[in-house]
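Worth knowing before you read on, the calculation uses all heavy atoms, side chains too, and leaves out hydrogens, waters and symmetry mates. All figures in this text were calculated on a predicted structure; none of them were measured in a lab. Residue numbering restarts at 1 for every chain, and letters A, B, ... go by the order of the sequence lines.
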Number of protein chains: 2
Amino acid sequence: MTDMPRRRPTLDEVAERAGVSRSAASRVLNNAPHVSRDKREAVQRAIRELRYVPNTTARALATRQRGVAALVISGETPAIFADPFFAKVIVGASAALEEADLHLMLCLAAADRSRQRLAELLRARGVDGVMLMAVRENDPVLHTARETELPVVFGGRPAGHEPPWYVDADNVGGARRATEHLLARGRRRVVMICGPLDTQVSRERHRGYREAMILAGLEPLPPASGDFTEPSGATAMTELLERHPDVDAVFAANDNMAAGALRALRGAGRAVPHDVAVVGFDDLDIAQITEPSLTTVRQPIQALGHETARMLVRLIGGEEPSPLILPTRLVARSST
Amino acid sequence: MTDMPRRRPTLDEVAERAGVSRSAASRVLNNAPHVSRDKREAVQRAIRELRYVPNTTARALATRQRGVAALVISGETPAIFADPFFAKVIVGASAALEEADLHLMLCLAAADRSRQRLAELLRARGVDGVMLMAVRENDPVLHTARETELPVVFGGRPAGHEPPWYVDADNVGGARRATEHLLARGRRRVVMICGPLDTQVSRERHRGYREAMILAGLEPLPPASGDFTEPSGATAMTELLERHPDVDAVFAANDNMAAGALRALRGAGRAVPHDVAVVGFDDLDIAQITEPSLTTVRQPIQALGHETARMLVRLIGGEEPSPLILPTRLVARSST
DNA sequence: CTCTAGAATGGAAGCGCTCCCAGAGATTCC
DNA sequence: GGAATCTCTGGGAGCGCTTCCATTCTAGAG
């Protein structure tokens, strides 16, 4: 080793080299006022020459700010997290955090142990704030959320609990429009495949469906429910076909299940959209590669992540933002 | 507010309440020896009563250990990251880190700004180690990796560079077996759809294909290449059909592209597997929901994440683990 | 020319924890 | 019985940075 294993330089060394006090050097670092031009430049030069980088941990200890936000995904992770939905949310959140110069800590809180660690992370002030995505009713993580003094923003409201800060998509409106779209196409036997009933999204999308049906003077039919996966959509569709052989349209609470429905319909020999029209929800990539391509309700998933993070940043900054509901819109393709 | 906004308790307060010194309290906390039974219990009681939780940041500053590992995903994030592949890798890595009581910092290093922040994070010792996933040849992140003194483990080798520590799947072997499987089924005009040529996986899977063809005394055909997405697979397949109208089998470098190939074949009126057999790679969920379901090479994606993280943990712990190549295996379904 | 407000400056006290070390007691062993 | 060896114990020095505050310097006001 030609160069000795020299420790990374500290602010003291920078100060010494620049011939100023540590306080002055610190001021330069945070570009605070009350530093003369000369000294400022001297410090900057020293920083450059020493390749100095401030130690985040020390700074965090002194300022009580960690520079990190947690994004929590609870629920059965391998299954749920594999949904590309979360990938997009994370991309959006990551971008927003970056603007505020925060880092992203990803917490998969499925097992008890994981939840435990999350709770400790918050109590130990390991992060500056928390985003809770897709929390379900009675999710244990809600207790942790209630207990912490840290800012918490929900991405999607949990069922049965209106948190002070959340960002959500207009699920009711989207579902209503999806159903209305089917009705406008002349369909009358419209059924629905909804998601797990303990999620708010499921309930809301179901509500939108009911509203549209009732508004049209039709009787809403009892939904079949899946778990947001493709196979569960196929199963639900099969069940619905048995229950209502004369069905002429189906609205699925997400694209995966809609894709499953398409498969089941094909298996049952029903032509889409001729015999049965299908609408999904989300507008994930899959909606464009099914055959026929899927009419669906687009929700701005990346924006959901982005806005959730932005709201958290504001909260951390001491502001008091209001909850936000993002618009959804129908994208018509070949399945209707 | 009935309860005053009391600060969170510190170790000093715990010590005081337990009637011991801070050193003793610290020893109890880290259950180190040299603490009498009485004092130990007194401290534990105080901790309980005060609901004390040690401040991670202070501890990190004192021990020079952050308790955090970074998982870096470079490349065009919205596109790449949406691949369920990464979700699984993350689930695996997260589980392994949890065992070592480390937290996971997720860094999407697509834009320059993001890479810059990553570099600073490392220089500022914001994490204890780094996992670099799916790095491409000439990826700027390689430079950052080379510069840091922190432990770095690669998940999948970058092309043209053999890092000291990595975990990878047996791509060559898997591709060879896939091709051999097709040949064993009596296919002779076997073509390949490969991925971007600047990735090591693509090259290796292509190599496996070539090896199998040559071993069988056949001339490997020049591949068409896509970008690992479904549509690109369809395009590539169409191109191959034009180039080799008599093709009777195709091996795609991943399942998404294989699904695209299936779609293109259906569009071209070729029956699968009767006219053309198809094999994919990965064994993602999609392989089971295509029609026909996809014969594919399963790679242990979650294990890849898990082992990458475990290797990093060892490295952080001062061990010197060896690179690891995980086995892949053929899963036969209906497309062959 | 004196007075005073404001800028510049560095000393020093934290932030909350770990860990080295020296001293006190308890044990062991010849 | 005394030396040698352990276990306990708490004092105190960091870890590297921010920030309060008292002091000095500068310059404009009167």
Side-chain angles (χ1 to χ4, degrees), chain A residues 6-44 46-47 50-68 101 120-128, chain B residues 6-44 46-47 50-68 101 120-128:
Chain A
R6 61 169 176 288
R7 286 171 21 281
R8 0 191 9 248
T10 71
L11 190 53
D12 279 297
E13 300 172 41
V14 169
E16 188 181 11
R17 182 178 192 111
V20 304
S21 72
R22 186 177 358 134
S23 323
S26 173
R27 269 177 228 124
V28 173
L29 215 54
N30 301 292
N31 50 69
H34 304 309
V35 183
S36 69
R37 194 185 177 76
D38 304 2
K39 306 227 163 190
R40 188 173 295 269
E41 279 168 4
V43 170
Q44 277 158 348
I47 287 179
L50 257 33
R51 313 196 69 219
Y52 169 78
V53 177
N55 179 314
T56 357
T57 310
R59 176 176 286 178
L61 182 59
T63 60
R64 293 132 175 284
Q65 308 218 71
R66 286 288 254 108
V68 179
D101 207 34
E120 274 173 22
L121 180 70
L122 301 197
R123 301 199 54 207
R125 288 286 193 285
V127 295
D128 295 327
Chain B
R6 60 169 177 288
R7 285 170 23 281
R8 359 190 10 248
T10 71
L11 190 53
D12 280 296
E13 300 172 41
V14 169
E16 190 182 11
R17 182 177 193 115
V20 303
S21 73
R22 190 182 348 138
S23 320
S26 173
R27 268 177 229 124
V28 173
L29 214 55
N30 302 291
N31 49 72
H34 304 309
V35 183
S36 68
R37 195 187 175 75
D38 304 1
K39 304 227 165 189
R40 191 174 293 271
E41 279 168 5
V43 171
Q44 277 158 349
I47 287 178
L50 256 34
R51 314 195 69 219
Y52 169 79
V53 176
N55 179 315
T56 355
T57 310
R59 176 175 286 178
L61 182 59
T63 60
R64 296 135 173 283
Q65 308 218 74
R66 286 287 253 109
V68 180
D101 207 34
E120 274 173 24
L121 180 70
L122 302 196
R123 302 200 54 209
R125 287 286 191 286
V127 295
D128 295 326

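Side-chain contact between B:R59 and B:L29: present, with at least one pair of heavy atoms (C-beta onward) separated by less than 4.5 Å. Within the 4.5 Å cutoff, side-chain heavy atoms of A:E13 are placed close to those of A:T10. When side chains are defined from C-beta on, B:N31 counts as touching B:R40, because their heavy atoms get closer than 4.5 Å. Between B:R123 and A:R51 there is a side-chain heavy-atom pair separated by less than 4.5 Å.
Map B:V35 and B:T63 each onto its nearest nucleotide of DNA chain D; the residue landing nearer the 5' end is B:V35.
As rounded to whole Å, 18 Å separates atom P of C:dG16 from atom CZ of A:R59. Whole-Å rounding puts the A:H34 NE2 to D:dA22 P distance at 16 Å. Atom CG of B:L50 and atom P of C:dC17 are 11 Å apart (whole Å). Atom CZ in A:R37 sits roughly 18 Å away from atom C1' in D:dT26 (whole-Å rounding). Whole-Å rounding puts the B:N55 CG to D:dG16 C1' distance at 15 Å.
The nucleotide whose nearest atom lies closest to any side-chain atom of A:S36 is, among C:dT9, C:dC17, C:dC19, C:dT9. Checking D:dC17, C:dG16, D:dT9 against the side-chain heavy atoms of B:K39 singles out D:dT9 as nearest. Of the candidate nucleotides D:dC8, D:dC17, C:dC17, D:dC17 has the atom nearest to the side chain of A:R22. When distances run from any side-chain atom of A:L11 to the nucleotides D:dC8, D:dC17, C:dG16, the shortest one goes to D:dC17. Closest to the side chain of B:L61, from the set C:dG16, C:dC17, C:dA8, is C:dG16.
Within residues 23-31 of chain B, the residues approaching DNA chain D are B:S23, B:A24, B:R27, by heavy-atom distance under 4.0 Å.
At D:dG16, one or more side-chain N or O atoms of B:R64 fall inside 4.0 Å of OP1 or OP2 (strictly under the cut-off). The side chain of A:T10 places no N or O atom within less than 4.0 Å of a non-bridging phosphate oxygen (OP1 or OP2) of D:dG16.
When the C1' atoms of four end pairs are superposed on the next four at each end of the helix from C:dC1-D:dG30 to C:dC30-D:dG1, using five pairs per end, the two resulting axes differ in direction by 40°, to 10°.
At the heavy-atom level, B:P33 lies nowhere under 4.0 Å from the strands shown.
Other residues, nucleotides and ligands contribute more than 12 heavy atoms inside 6.0 Å of the CD atom of B:Q44.
What you find for B:D128 and B:R66 is that their closest heavy atoms are OD1-N, 2.8 Å.
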